[in-house]
Amino acid sequence: MKKLVITGGNRLHGTIKISGAKNAAVAIIPAVILSDGVCLLENIPDIEDVNIIDEILCKMGASVRHINKTSLEIDPSGIKEPVATYDLVRHMRASSYLMGALLGKYLKADVALPGGCDFGVRPVDQHLKGFGILGATHCVADDMIKIKADKLVGNHIYLDVVSVGATVNVMLAAVKAEGRTTIENAAKEPHIVDLANFLNSMGADVRGAGTDVIKINGVKTLRGTTYSIIPDQIEAGTYMAAVCSAGGDVLIQNVIPKHLESITAKLREMGVTIEEFDDSVRVICNGRLKRCNVTTMPHPGFPTDMQPQIAALLTTADGMSMVNEAVWDNRFRYVDELRRMGADITVDDSLAIVRGVEVLTGTPVKATDLRAGAAMIVAALGARGTTYIEDIRHIERGYEDVVGKLSAVGADIKLIETDDSINRN
Ligand code: EPZ
């Protein structure tokens, strides 16, 4: 079993280069299915979720060629069957994007019910609502969602919930539909804008991405393109939190500062010095952090994907903080692991009350999901002693070379192979 072993106490100094955005990559790669040509994607992160979606496309008949570590050439012309079975899609939530891409291209999609991080219910009712309004019908049989349409006709879709996935999937289904589609109450995340820019680089007509109203005029064909995806704002935020936990002075390079605004504002509120440049931010943190309150919101609010990492920081801040998870039902499973390190956290439904302690203590913990694993890393870097993090496959889904990036700025972190689970008692 692979584990991360982190010994806290080292302050961090130097530069960390951010990779391409996971949540942009896992939307844009399936979107290539819509193309009638070959697409070259650049700045793709070298992470497990990308490997999974690549494997799915290959098994469906597409050709996926790694030009180098971060560039992929994809030719979807070999796809014969618009079917993605459970053995392919069970590991990853973003496999649901295959529904919109296959429906948009072939007017048919058979996709196994999505997997992905386990925190509360992960519904797709808004995705299916959008497909239905465009003219598709669906049924669920043998754990597969089977969708089809004689044709897709543009229409007006009001999402009941601000949903990244539903916004992505309706965009994918609508770009080749007949006529205009309007998506109201759309998600505004940076990866939604990145997807729209990618689709438009293929010849689509998508306007308004980044606002809550997206208008799409359907086109008949989408050509091959070359496209470089945006940097990962959640990876960047995670490393900003890592510097705040360990203390130090680090330049986080290859970012879009505007995408980090809510994270930067919150860390400044906690007493952190952050200098912004064109494509980087410098994080300087000395001394104890101040307490604060956090409520997660759809973009441009504080991102739910940074909630575990900021909570980890607040466990040693000066005073009591409140963390309100307003996006997901149950995204506090990591709290038990922080408690094992000595954190004082009580959770009541969507609210965590965090009472700052002097310092956490290293111990064996588990990564209960992707961002929970990131929170364990943040906590361990500032803890006294050594922390062993198990189940790091979750972390490998979304963070490229976390050991290399943190070691390069002075963290005492290594990846070990052991034959058993460490005694957690
Ligand atoms: C995306 O998940 C991200 N995943 C998640 O990041 C992120 O936490 C989430 O958006 C919110 O920003 C990817 O982009 C691959 P949603 P998604 O649909 O699309 C409810 C990470 O760590 N909802 O925006 O699944 C849902 O239950 C991952 O990188 C419905 O009710 O999230 C939730 O409460 C974890 N019906 C809320 O909307 C639906 O049909 C937001 O979900 C769809 C969603």
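Both counts, for ligands and for their atoms, begin at 1 and track the order of listing.
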**OP:** May I ask you to decide whether Arg393 forms a salt bridge with Glu396, counting only side-chain N to carboxylate O separations under 4.0 Å?
**Re:** no

Original post:
Which one holds for Arg331 and ligand 1: side chain close, backbone close, both close, or neither close, with close meaning a heavy atom under 4.0 Å?
Top reply: side chain

Original post:
Near Lys22, which atoms of ligand 1 are under 4.0 Å from a heavy atom of that residue?
Top reply: 21 (C), 29 (O)

**OP:** Give a yes/no on ligand 1: does Pro123 have at least one heavy atom closer than 4.0 angstrom to it?
**Re:** yes

Subject >> Ligand-residue contact atoms, ligand 1 with Gln126, heavy atoms, under 4.0 Å >> reply: 36 (N), 39 (C), 40 (O)

Original post:
Which of these, Asp305, Val327, Asp232, has its nearest heavy atom closest to atom 8 (O) of ligand 1?
Top reply: Asp305

Subject >> Non-hydrogen side-chain atoms of Val64 and Ile29 separated by less than 4.5 Å >> reply: no

Original post:
Mind checking whether Ala166 has an N or O less than 3.5 Å away from an N or O of ligand 1?
Top reply: no

Original post:
Under 3.5 Å, is there a donor-acceptor pair between the side chain of Asn23 and the main chain of His191?
Top reply: no

**OP:** Report yes if the side chains of Ile234 and Met306 come closer than 4.5 Å at any heavy-atom pair, otherwise no.
**Re:** yes

**OP:** Measure the shortest side-chain to side-chain distance between Val83 and Met144 over non-hydrogen atoms and say whether it is less than 4.5 angstrom.
**Re:** yes

Original post:
Against heavy atoms of Val124, which atoms of ligand 1 measure under 4.0 Å?
Top reply: 40 (O)

Original post:
So do Pro303 and Ile263 actually touch side chain to side chain, heavy atoms under 4.5 Å?
Top reply: yes

Original post:
With atoms numbered from 1 as shown, which atoms in ligand 1 lie under 4.0 angstrom from a non-hydrogen atom of Val161?
Top reply: 20 (C), 31 (O), 38 (O)

Original post:
With a 4.0 Å cut-off, would you call Glu390 and Lys366 a salt bridge?
Top reply: yes

**OP:** Would you mind running through ligand 1 and noting each atom that sits below 4.0 Å from a heavy atom of Gly165?
**Re:** 18 (O), 19 (O)

**OP:** Between Thr304 and ligand 1, find which residue part has any heavy-atom pair under 4.0 Å and reply side chain, backbone, both or neither.
**Re:** side chain

